[in-house]
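Naming convention: chains lettered A, B, ... in sequence-line order (proteins, then strands); numbering from 1 in each chain. Remember, predicted model here, so these are calculated numbers, not experimental data.
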2 protein chains.
Amino acid sequence: MKNPIADLNKIFDSRIRLGVMSMLVVNDEIGFNDLKQMLELTDGNLASHLNTLEQADFIKVHKGFIGRKTSTTYSITALGKQAFKAHLDALEKMIRKL
Amino acid sequence: MKNPIADLNKIFDSRIRLGVMSMLVVNDEIGFNDLKQMLELTDGNLASHLNTLEQADFIKVHKGFIGRKTSTTYSITALGKQAFKAHLDALEKMIRKL
DNA sequence: TATTTAACTTTGAAAAACAAAGCACTTTTA
DNA sequence: TAAAAGTGCTTTGTTTTTCAAAGTTAAATA
């Protein structure tokens with residue numbers, strides 16, 4: 001037997017980051033506010049988790065405008081997609097014994 | 001849309017507790033030392049996570065002897081099995097959109 | 001008798017999570 | 001046009017969580 005949790009990505013231990021990633025896998029772009037409302041978080045809390053994800057190059061920020069109003073959106077990177085998939089695979093492998 | 005992480009159990013945010021549970025789902029009983037070696041943890045660290053799981057009534061301790069030597073083993077409870085399954089279902093639901 | 005092993009508990013430090021407040025800017029509302 | 005509100009943060013400080021290390025008790029082994 002080998003350590004069943006060794007292949008889990010530490011970044012995805014967080015339910016919030018897991019939630020962000022799962023939303024970004026199915027939506028090309030999501031706004032800060034949408035994420036905030038969906039995950040029911042405070043600004044600061046969300047911002048810091050997004051920051052962790054950005055540092056890891058798992059997501060990318062897009063600063064733009066809707067008309068003349070600022071709008072920040074996020075999207076997943078290729079690396080992020082890969083890492084997330086690897087994490088899910090590890091999770092699945094861990095529990096497939098069920 | 002609804003909050004995708006609302007149904008995840010906070011207790012299973014921890015990779016270690018996740019690992020313990022996944023091992024206990026497939027093995028009726030596992031010893032302290034086996035868990036420790038498998039998950040590569042220090043005594044104190046493992047003990048405290050087991051304690052969290054026990055407080056939640058997700059696992060049960062069995063203190064016994066092998067000969068006259070103490071031997072502690074752990075097993076999953078019905079509640080634990082249910083909670084773990086619910087967590088995995090929530091996880092699956094969250095990512096099934098893939 | 002000295003050391004080792006098992007299974008912890010206690011202590012304390014480091015890291016992570018989080019809420020609240022502040023901020024710069026813009027837009028909307030009164 | 002002045003006040004209020006929204007966007008997307010950063011900063012600050014508290015609380016929670018994680019974890020390793022050391023101490024502990026009792027039995028086993030050398």
Side-chain angles (χ1 to χ4, degrees), chain A residues 3-6 8-24 27 29-56 58-76 87, chain B residues 3-6 8-24 27 29-56 58-75 83 87:
Chain A
N3 185 340
I5 65 178
L8 295 177
N9 191 324
K10 278 214 174 92
I11 287 188
F12 302 133
D13 277 3
S14 155
R15 67 211 286 93
I16 292 175
R17 293 191 296 263
L18 209 57
V20 169
M21 293 301 281
S22 82
M23 289 179 69
L24 286 179
N27 299 283
E29 248 182 300
I30 310 184
F32 184 89
N33 253 319
D34 291 339
L35 284 170
K36 182 179 128 185
Q37 276 160 31
M38 188 73 59
L39 302 173
E40 300 173 66
L41 303 170
T42 54
D43 291 7
N45 196 186
L46 174 57
S48 71
H49 283 292
L50 288 175
N51 206 47
T52 299
L53 254 13
E54 211 193 328
Q55 296 291 91
F58 288 175
I59 65 172
K60 220 175 19 195
V61 193
H62 311 273
K63 279 168 193 295
F65 293 87
I66 290 179
R68 286 179 56 201
K69 197 169 166 184
T70 61
S71 150
T72 308
T73 60
Y74 298 85
S75 65
I76 198 169
H87 180 78
Chain B
N3 185 340
I5 64 178
L8 296 177
N9 192 324
K10 279 216 175 90
I11 288 187
F12 302 133
D13 278 2
S14 154
R15 68 211 286 95
I16 292 176
R17 294 191 294 265
L18 207 59
V20 169
M21 293 302 281
S22 82
M23 289 180 69
L24 286 179
N27 299 284
E29 247 181 302
I30 310 184
F32 184 90
N33 251 319
D34 291 339
L35 285 169
K36 184 179 126 185
Q37 277 160 30
M38 188 73 59
L39 302 173
E40 300 173 66
L41 302 170
T42 54
D43 291 7
N45 197 187
L46 174 58
S48 70
H49 283 292
L50 289 174
N51 206 47
T52 299
L53 254 13
E54 211 192 329
Q55 296 290 92
F58 288 175
I59 64 172
K60 221 173 21 193
V61 193
H62 312 273
K63 279 168 194 294
F65 293 88
I66 293 177
R68 285 178 60 201
K69 194 170 166 186
T70 60
S71 149
T72 308
T73 60
Y74 299 85
S75 64
H87 180 79

What is the separation between atom [atom1] on [X] and atom [atom2] on [N], rounded to the nearest whole Å?
| X | N | atom1 | atom2 | answer |
| --- | --- | --- | --- | --- |
| B:Asp34 | C:dT5 | CG | P | 16 Å |
| B:Arg15 | D:dT17 | CZ | P | 18 Å |
| B:Gln55 | C:dT9 | CD | C1' | 14 Å |
| B:Ile11 | D:dT16 | CD1 | C1' | 14 Å |

Map A:Tyr74 and B:Arg17 onto DNA chain D by nearest heavy atom, then report which one ends up closer to the 5' terminus.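 Its nearest nucleotide lies further toward 5', so the answer is A:Tyr74.
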
Short of 4.0 Å, heavy atom to strand atom, which residues of residues 40-54 of chain A count as contacting DNA chain D?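 DNA chain D contact set from residues 40-54 of chain A: A:Asp43, A:Gly44, A:Ala47.
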
Would you say a side-chain N or O of B:Lys63 is under 4.0 Å from OP1 or OP2 of C:dC8?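 Yes, B:Lys63 has a side-chain N/O under 4.0 Å of OP1/OP2 on C:dC8.
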
Closest heavy-atom pair and its distance - B:Lys36, B:Leu46: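 Result for this residue pair: N-CD2, 3.5 Å.
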
Could you check A:Leu24, A:Thr73, A:Val20, A:Ile59 and say which one makes a side-chain contact (heavy atoms from CB on, under 4.5 Å) with A:Ile30?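 Of A:Leu24, A:Thr73, A:Val20, A:Ile59, side-chain contact (heavy atoms from CB on, under 4.5 Å) with A:Ile30 is met by A:Leu24 alone.
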
If we check side-chain contact (heavy atoms from CB on, under 4.5 Å) with B:Ile16, which of these qualifies: B:Glu40, B:His49, B:Met21?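 Option passing the side-chain contact (heavy atoms from CB on, under 4.5 Å) with B:Ile16: B:His49.
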
Please enumerate all residues that pass side chain to side chain contact (heavy atoms under 4.5 Å, CB included) together with A:Ser75, with sequence neighbours excluded.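 Here the qualifying residues are A:Glu29, A:Lys60, A:His62.
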
Which distance, rounded to the nearest 0.5 Å, do you find between the [atom1] of [X] and the [atom2] of [Y]?
| X | Y | atom1 | atom2 | value |
| --- | --- | --- | --- | --- |
| B:Asn45 | B:Thr42 | CG | OG1 | 4.5 Å |
| A:Ser22 | A:Leu39 | OG | CG | 8.0 Å |
| A:Met38 | A:Asn33 | CE | CG | 11.5 Å |

Taking the axis from the first five pairs and the axis from the last five, what angle separates them in the helix from C:dT1-D:dA30 to C:dA30-D:dT1, rounded to 10 degrees?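 Overall, the helix from C:dT1-D:dA30 to C:dA30-D:dT1 bends by 0° from one end axis to the other.
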
Give the nucleotide from the list C:dA17, D:dG8, C:dA7 with an atom nearest to the side chain of A:Thr72.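 The listed nucleotide nearest to A:Thr72's side chain is D:dG8.
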
From D:dT18, D:dG8, C:dA7, pick the nucleotide closest to the side chain of A:Asn33?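 The closest nucleotide is D:dG8.
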
Ignoring hydrogens and angles, tell me if any N or O in the side chain of B:Arg17 forms a donor-acceptor pair with the backbone of B:Ile11 under 3.5 Å.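 Pair found, side chain donor or acceptor close to backbone of B:Ile11.
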
Looking at every strand, decide which applies to B:Lys36 at a 4.0 Å heavy-atom threshold: base, sugar-phosphate, or nothing.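 If one applies the 4.0 Å heavy-atom cut-off, B:Lys36 turns out to touch nothing in the nucleic acid.
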
Aromatic plane relationship, B:Phe12 with B:His87 - under 30° parallel, 30 to 60° tilted, over 60° perpendicular: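 Correct class here is perpendicular.
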
